[in-house]
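Note that this is a predicted model, so its numbers are computed, not measured. Naming: A, B, ... by sequence-line order, numbering from 1 per chain.
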Amino acid sequence: MEKQYPKNLEKWGRFWEKEKIYKFKRDKKSIYSIDTPPPYVSAEHLHVGHVMSYVQADFIARFWRQKGFNVFYPMGFDDNGLPTERFVEKKYNIDKSKISKKNFVELCLKETRRISKIYKKFWQKIGLSIDWSLSYNTIGPLCQKISQKSFIELFKNKKIIRREEPIIWCPKCQTALSQADLIDKKESGYLNFIKFLFWNGKEAIVATTRPELIPACIALFVNPLDKRYKAFIGKKAIVPLGNYKVPILASQKVDQKFGTGLMMVCTWGDIEDIYKWKQYKLKTRLIINKDGSLNELSGVYKGLSIMEARKKILIDLEKNGFLKKKEKITHVLNVHERCKTPIEFLKAPQWFIKILDIKKTLKKQGKKINWYPKFMKVKYDNWVDNLKWDWCISRQRFYGTPFPVWYCSNCGKIILAKEKDLPVDPTQNKPPISRCPKCKSNKFLPETDVMDTWMTSSLTPLINARWKEKKSLIQKIYPMNLRPQGFEIIRSWLFYTVVKSFFHTKTLPWKNVMISGWGLDWEGKKMSKSLGNVIYPEEVLKKYPVDALRYWATKANLGKNLRYQEKEVENGHRLMTKLWNAFYFSFFHLKNFNINNFNYNFKLYPTDQWIFSKLQETIKKSTNYFEKYEYGKARREIEDFFWKDFCNNYLELIKYRLYSKREDIIKKSAQFTLYKVFLNILKLFAPFLPYLTEEIYQLYFRKLEKVKSIHLTSWPVIEKDLLNKKIELTGDRIINLINAIRKSKSERNYSLKEEVKRLIIYCSNDMAKKLSLFVNDLKEMNNINVIEFKTKDEIKNGISVRDGLKIKIQF
RNA sequence: GGACGGUUGGCUCAGUGGUAGAGCGCUUCGUUCACAUCGAAGAGGUCGCAGGUUCAAUCCCUGCACCGUCCACCA
């Protein structure tokens, strides 16, 4: 056996697959179910941040599996929707206007199939203990069917409606969006001060960052308390460059201090415009087309893009003396998360799920979830509080789940698909009826929009449970035990899943959520391709084994971001070497020892009692941490116990007994303890280091323990009779003595093997009695010739030991 | 403007109402007998700042500063 752990650990990945170690058993009870995040299939490579969060969930899965639970741990692939479309467009440099929908969708399917394979291989390599037979992909028939079922049920329950109203629109992707699709982007621009003329020939100034919307102006608003404009209320103003008049109205909401205190309301520049338009029943002057160009209502600006129009209108305003001044400002824009294009508002019929009317209920639902860590709940609450739109679920795109809907081409009646026919594509399939029940027309038009990707993703717990399918698991795994996910999609994936579960099952989708942070680059910055700071796990894995990279992921506390530092991977590698060498040593002393033929009828040697008691503490603490999803703290407990108590002290203390030629009871006690404690250490490390622990287990323990894999062995439980606080305290005192002796040798520049002629310990008789239990081990370990106990009043210039003992060391 | 997280030794981070911890780095010492990918010892911190509560605050409370993130401000 080598002194370095074997290089071919990855063979265990194949072993786990072949032996179906992670198989979920349909008929077995005590289930622990995990709603794994299905990654977007929209990049060639996953980065080290993905490894971090997925591996963290895997620690938890492995823990519960070892605890004896029947773990439901699936993987999904989110391969529909805009992210995939954009990936394919980029890769093939596609002009959407020149490719048929059919060809484009085929290309998307081809790419997602290819990348899903890469992902699967990668997750297996990383050691995720997934049952791959539970996989799903969001564009696949099962997911489409469940999404459409969800749609039909919500429609029938009047939670989904189709209506025409102002919507959030991305002029670049040319689709409606929902609030969750938006992010903020800081931008510098100009606040333009524009002169408006009034009915009486007077003038006043309006400040705007969007002068191109002047032709869309429908009213001016002032604060009723604003003395400057009091006289204007109820009168009319003339829109510059246009020859029409708009009313001047009053609203408390107008901030007197912003700009000039005179607010221009357009169709529509922001959500405030929409509110005012609704509330005051203002006219509509929509000047922006779906592609972001201006229409004929804008007059001479027709056909220009928004930016072109902005430039041109400023020139025209200036020429005509309407532009008073420009002020440079930075402001924050709402942009589409996927393409970073500033969004517009326009009017078009869309499908909505009504959520604004149940905000209170959704807050309550959020409160019922166990949040790990707790502070992440605030992000959910903030999001619900700030909801301003119902959830727009229709997208004017190609690649996604179709709506199971046709319209009567005569009267517009909505025709739904029958559940038994799902999944349907109305552009390919015929409606379930031949004549419109309302007007008897026999002509129908398919809905051509596709669903928002979150419409499907929000159903992952129900997809996992095969909701309303033949072999439904809904009674078994739902509500699920755990949703592990990143904090950035609390407002989308988590939120929408809560919504859907509430509507469909009136329950929570899961009991616990574990929120992970991000993997950051070595400087603590978010990894992104454009910054060139993305770290790819493949590169790391050329140098280090998987377990070492997994070790890095344990370094993040729950919910915290984690920098990628090779140093930490290196530390993982060192831990592996240490574990291997501890095994190498133990194996040497255990190879002729058979635990199964072992007779327990004796009392364990004190040092052995001590390490057993320490082990119980470690089991207790690490189990508690795991149950609170604090995998990082659990690892620390285990590692400290292993490295410090077990390797640095215990192994050294028992060496002389192990090397002894006499096969006596004190040697047997050491062997027994070594076997048990080492096996427990292996089990405790197994969630973190699945490969190396499996290697060691298979090399030695399997034939004795008779369980197929370390990952199917039981998680250590505390054995109360092994927990012995008294012996633990005395043992800890012995460790302090050892440290004092080591220090004394070190100060004299002696080797640790240097002989101590005499060690005198000054203490009470009572203490001497306790300590003397360890005297032999202490002597042998530290090469002490004689140990003497003396009472305290005999002290002459002794050394103080940490816990109050006094000693004297003579060389 | 609102919210959340952070501020602890040179670096990266734990942690606790009562003598401050780890890993790395640094200094010194130590290899026949699991491991030099190791072991031992040491140096190094008024725990961001200012108040308050307490017998006692790095920890609890208030305010402030700085860093990170999210949301709101597009008139």
Side-chain angles (χ1 to χ4, degrees), chain A residues 1 3-5 179 182-184 187 189 191-192 194 206-210 213 217 219-223 251 253-255 258-266 268-273 276 329-334 342-343 373-379 381-383 385-386 388 487-488 490-491 517-518 520 522 524-526 555-557 559-563 565 567-568 570-571 573-589 632-633 636 639-640 643-644 647-649 651-652 655 658-659 738-754 802:
Chain A
M1 213 187 288
K3 293 187 179 182
Q4 176 57 267
Y5 58 80
Q179 195 179 343
L182 309 183
I183 55 166
D184 291 348
E187 238 184 41
L191 189 58
N192 304 286
I194 315 277
V206 166
T208 177
T209 55
R210 301 213 40 195
L213 287 182
C217 180
L220 295 181
F221 272 81
V222 299
N223 192 304
S251 162
K253 279 193 182 170
V254 176
D255 180 357
F258 188 94
T260 60
L262 196 58
M263 174 182 185
M264 173 173 87
V265 172
C266 308
W268 298 281
D270 62 13
I271 193 156
E272 204 46 50
D273 285 352
K276 295 229 157 40
I329 55 159
T330 53
H331 57 157
V332 179
L333 298 175
N334 270 326
I343 51 108
K374 273 210 176 71
F375 65 79
M376 286 294 182
K377 174 176 180 286
V378 180
K379 289 184 192 286
D381 287 339
N382 282 348
W383 181 252
D385 286 339
N386 285 316
K388 294 202 168 78
F487 66 91
E488 78 281 8
I490 288 175
R491 65 184 219 182
W518 270 334
L520 305 176
W522 49 90
K525 283 197 210 112
K526 195 184 164 184
K555 286 286 171 170
N557 258 2
K560 296 284 177 69
N561 294 337
L562 176 66
R563 295 183 188 199
Q565 295 187 100
K567 191 187 85 191
E568 295 295 357
E570 178 73 40
N571 281 343
H573 162 69
R574 280 185 18 226
L575 174 63
M576 292 172 71
T577 305
K578 189 79 178 171
L579 185 62
W580 177 257
N581 276 292
F583 167 65
Y584 182 85
F585 171 81
S586 307
F587 179 71
F588 178 76
H589 293 286
K633 290 176 184 174
R636 206 173 304 125
E639 187 176 343
D640 279 357
W643 205 297
K644 290 174 181 159
C647 291
N648 288 357
N649 290 312
L651 289 183
E652 296 299 330
K655 264 182 184 169
L658 292 173
Y659 279 112
I738 292 168
N739 289 336
I741 296 161
R742 282 169 170 171
K743 183 174 175 181
S744 165
K745 286 181 178 175
S746 188
E747 277 167 353
R748 290 173 168 78
N749 288 351
Y750 289 161
S751 157
L752 289 181
K753 283 171 182 147
E754 184 76 22
R802 198 188 175 124

- Residues A:Lys377 and A:Asp381 bridged, charged N to O under 4.0 Å: yes
- Message: Considering every strand and a 4.0 Å limit on heavy-atom distances, what is the contact class for A:Val378: base, sugar-phosphate, or nothing?
- Response: sugar-phosphate
- I would like to know whether A:Leu520 and A:Lys525 meet side-chain contact (heavy atoms from CB on, under 4.5 Å); could you show each step before the answer? CA-CA 5 Å; A:Leu520 305 176; A:Lys525 283 197 210 112; over 6 Å; no
- Under 4.0 Å between any heavy atoms, over every strand shown, what does A:Leu191 touch: base, sugar-phosphate, or nothing? Just pick one. sugar-phosphate
- Task: Rounded to whole angstrom, note down the P distance from B:U62 over to B:U28.
- Result: 49 Å
- Pairing residues for A:Pro342 by the side-chain contact (heavy atoms from CB on, under 4.5 Å) criterion, not counting sequence neighbours: A:Leu333, A:Val335
- Task: Could you check how far CG of A:Leu575 sits from C1' of B:C38, rounded to whole Å?
- Result: 14 Å
- Item | Nucleotide B:C13, atom P - distance to NZ of A:Lys633 in whole Å | 16 Å
- Task: Quote, to the nearest angstrom, the C1' distance that separates B:A22 from B:G18.
- Result: 22 Å
- Would you mind classifying the nucleic acid contact of A:Glu652 as base, sugar-phosphate or nothing, using non-hydrogen atoms under 4.0 angstrom? base
- A:Asn581 has an atom CG; how far is it from atom P of B:G39, in whole Å? 11 Å
- Message: Ignoring hydrogens and geometry beyond distance, is a side-chain donor-acceptor pair present between A:Arg748 and A:Ser744 at under 3.5 Å?
- Response: yes
- Taking the same atom, C1', in B:U7 and in B:G48, what whole-Å distance lies between them? 6 Å
- Mind checking side-chain hydrogen bond (donor to acceptor under 3.5 Å, both in side chains) for A:Lys655 and listing every partner two or more places apart, or none if nothing turns up? A:Glu652
- Message: When the C1' atoms of B:C59 and B:U53 are compared, how many Å lie between them, rounded to an integer?
- Response: 13 Å
- Item | Candidate nucleotides B:G23, B:A41, B:C35, ranked by approach to the side chain of A:Thr577 - the nearest | B:C35
- Message: Tell me every residue that passes salt bridge (charged side-chain N to carboxylate O under 4.0 Å, His left out) with A:Lys379, counting only those two or more places apart in sequence or in another chain.
- Response: none
- Task: Quote, to the nearest angstrom, the C1' distance that separates B:G30 from B:U54.
- Result: 49 Å
Atom pairs, N/O to N/O, protein against nucleotides 26-31 of chain B, distance under 3.5 Å?
none

- Task: Give the rounded distance in Å between these two atoms: NE2 of A:His573 and P of B:G23.
- Result: 18 Å
- Message: Take N1-N3 plus N6-O4 or O6-N4 for Watson-Crick, N1-O2 plus O6-N3 for G-U, both under 3.5 Å. Which runs of 3 or more such pairs involve RNA chain B?
- Response: B:1-7 with B:65-71, B:10-13 with B:21-24, B:26-30 with B:38-42, B:48-52 with B:60-64
- B:U8 and B:A14: how far apart are their C1' atoms, nearest whole angstrom? 10 Å
- Examine B:C13: is either OP1 or OP2 under 4.0 Å from a nitrogen or oxygen in the side chain of A:Arg563? Give yes or no. yes
- Item | Pairwise distance OG(A:Ser586) to CG(A:Leu651) - rounded to 0.5 angstrom | 5.5 Å
- When the distance from CG of A:Leu562 to P of B:G6 is rounded to whole Å, what number comes out? 16 Å
- Round to the nearest Å and state the distance from A:Glu747 atom CD to B:G42 atom P. 7 Å
- Task: Can you figure out which of B:C35, B:G5, B:U12 approaches the side chain of A:Lys578 most closely?
- Result: B:C35
- Query: Of the nucleotides B:C74, B:U37, B:G15, which has the atom closest to the A:Asn557 side chain?
  - Reply: B:G15
- Task: Output the single nucleotide from B:C74, B:C35, B:A41 whose closest atom is nearest the side chain of A:Asn739.
- Result: B:A41
- Task: List the steps, then state whether side-chain contact (heavy atoms from CB on, under 4.5 Å) holds for A:Val332 with A:Glu187.
- Result: CA-CA 6 Å; A:Val332 179; A:Glu187 238 184 41; over 6 Å; no
- Less than 3.5 Å between a donor and an acceptor, one on the side chain of A:Lys567 and one on the base of B:C24, is that the case here? no
- Task: Select base, sugar-phosphate, or nothing to describe what A:Lys276 touches, counting heavy atoms under 4.0 Å on all strands.
- Result: nothing
- Message: If you assign A:Gln4 and A:Phe221 each to the RNA chain B nucleotide with the nearest heavy atom, which residue ends up on the more 5' nucleotide?
- Response: A:Gln4
- Message: Measuring only the P atom in each nucleotide, how far is B:G5 from B:C74? A whole number of Å is fine.
- Response: 28 Å
- Message: At less than 4.0 Å, is any side-chain N or O atom of A:Trp643 found next to OP1 or OP2 of B:G39? Yes or no.
- Response: yes
- The side-chain hydrogen bond (donor to acceptor under 3.5 Å, both in side chains) partners of A:Asn571 (sequence neighbours excluded) come to A:Glu568, A:Arg574
- Looking across every strand, which nucleic acid part, if any, lies under 4.0 Å from A:Leu651 by heavy atom: base, sugar-phosphate, or nothing? base
- Task: Could you tell me which residues satisfy side-chain hydrogen bond (donor to acceptor under 3.5 Å, both in side chains) with A:Asn749, sequence neighbours excluded, listed by chain and number?
- Result: none
Polar atom pairs (N or O), protein with nucleotides 69-73 of chain B, under 3.5 Å:
unit_1 : atom_1 : unit_2   : atom_2 : d
B:C71  : OP1    : A:Arg491 : NH1    : 2.1
B:C71  : O2'    : A:Asn386 : ND2    : 2.8
B:A72  : OP2    : A:Asp184 : OD1    : 3.1

- Can you name the residues that form a side-chain hydrogen bond (donor to acceptor under 3.5 Å, both in side chains) with A:Lys526, not counting sequence neighbours? none
- Message: If the cut-off is 4.0 Å, is A:Lys743 near the phosphate of B:A41, judged by side-chain N/O to OP1 or OP2?
- Response: no
- Gap in Å between the two P atoms, one belonging to B:A20 and one to B:U58, rounded: 10 Å
- Query: Considering only side-chain heavy atoms of A:Arg742, which listed nucleotide, B:U37, B:U12, B:A40, is closest?
  - Reply: B:A40
- Message: Using a heavy-atom cut-off of 4.0 Å across all strands, would you classify A:Cys266 as base, sugar-phosphate, or nothing?
- Response: nothing
- Item | Distance below 4.0 Å between A:Arg636 side-chain N/O and B:A22 OP1 or OP2 | no
- Residues forming a ring-ring contact (aromatic ring centres under 6.0 Å, His included) with A:Tyr750, sequence neighbours excluded: A:Phe811
- Query: Quick one: on RNA chain B, does A:Asn571 or A:Gly261 contact a more 5' nucleotide (nearest heavy atom)?
  - Reply: A:Asn571
- Message: Under the rule for ring-ring contact (aromatic ring centres under 6.0 Å, His included), what residues qualify as partners of A:His573, not counting sequence neighbours?
- Response: A:Tyr5
- A:Trp643: side-chain contact (heavy atoms from CB on, under 4.5 Å) partners, not counting sequence neighbours: A:Leu575, A:Lys578, A:Glu639, A:Asn648
- Message: What is the distance, to the nearest angstrom, from the OH atom on A:Tyr5 to the P atom on B:C38?
- Response: 12 Å
- Query: Taking the side chain as C-beta and beyond, is there a heavy-atom pair between A:Leu213 and A:Thr208 under 4.5 Å?
  - Reply: no
- Taking CD from A:Glu568 and P from B:U37, how many angstroms apart are they, rounded to a whole number? 19 Å
